[in-house]
Amino acid sequence: MFADALARKTPLRDGLSSELAADVALTILSPETYNLLVHSRGWSRARWRGWAFDALVGLLTTLPRPDRTFDG
């Protein structure tokens with residue numbers, strides 16, 4: 001549902017299906033990824049949130065990537 005809704009709002013990157021976009025989003029937003037980066041690696045929640053947003057924008061859409069760092 002997430003990837004379909006995203007594709008209705010903005011073009012997905014060339015050659016990216018809704019199914020693949022969903023797989024990428026699931027990987028980035030999974031509890032396992034969050035726990036690894038925040039709890040195991042010591043990232044702040046703000047840093048993870050910024051990274052996840054930038055990763056989703058850059059990997060899934062044709063929108064320009066935000067101009068920021070992830071030092072959170």
Side-chain angles (χ1 to χ4, degrees):
M1 291 173 66
F2 167 80
D4 289 333
L6 181 64
R8 286 192 298 273
K9 292 182 180 213
T10 187
L12 296 178
R13 296 184 70 75
D14 288 340
L16 189 65
S17 67
S18 291
E19 292 80 17
L20 184 54
D23 292 344
V24 170
L26 178 62
T27 301
I28 291 169
L29 300 175
S30 74
E32 294 84 4
T33 301
Y34 177 86
N35 285 326
L36 174 66
L37 294 175
V38 174
H39 298 291
S40 297
R41 301 295 302 156
W43 285 26
S44 68
R45 289 181 181 130
R47 183 179 189 188
W48 176 85
R49 192 172 31 252
W51 168 81
F53 178 80
D54 186 59
L56 290 171
V57 168
L59 292 170
L60 302 182
T61 75
T62 59
L63 298 171
R65 293 183 93 144
D67 185 23
R68 66 168 161 233
T69 61
F70 304 118
D71 352 3

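- At least one donor-acceptor pair closer than 3.5 Å links the side chain of R13 to the backbone N or O of T61.
- Taking both residues in full, the closest heavy atoms of I28 and A55 are given as CD1-CB, 3.7 Å, listed atom of the first, atom of the second, then distance.
- With hydrogens and angles ignored, the 3.5 Å screen pairs no side-chain donor or acceptor of T33 with any backbone N or O of L29.
- Atom OG1 of T27 sits about 10.0 Å away from atom CG of L59, to the nearest 0.5 Å.
- Contact check for L20 versus L12: no side-chain heavy atoms found under the 4.5 Å cut-off.
- When atom types are taken as modelled, the side chain of N35 and the backbone of P31 share a donor-acceptor pair closer than 3.5 angstrom.
- Closest heavy-atom contact between A25 and L60: CB-CD1, 4.4 Å.
- When each of V38, L36, L37 is checked for a side-chain contact (heavy atoms from CB on, under 4.5 Å) with Y34, only V38 meets the rule.
- Taken to the nearest 0.5 Å, the CG atom of L63 stands 11.5 Å off from the CG atom of L56.
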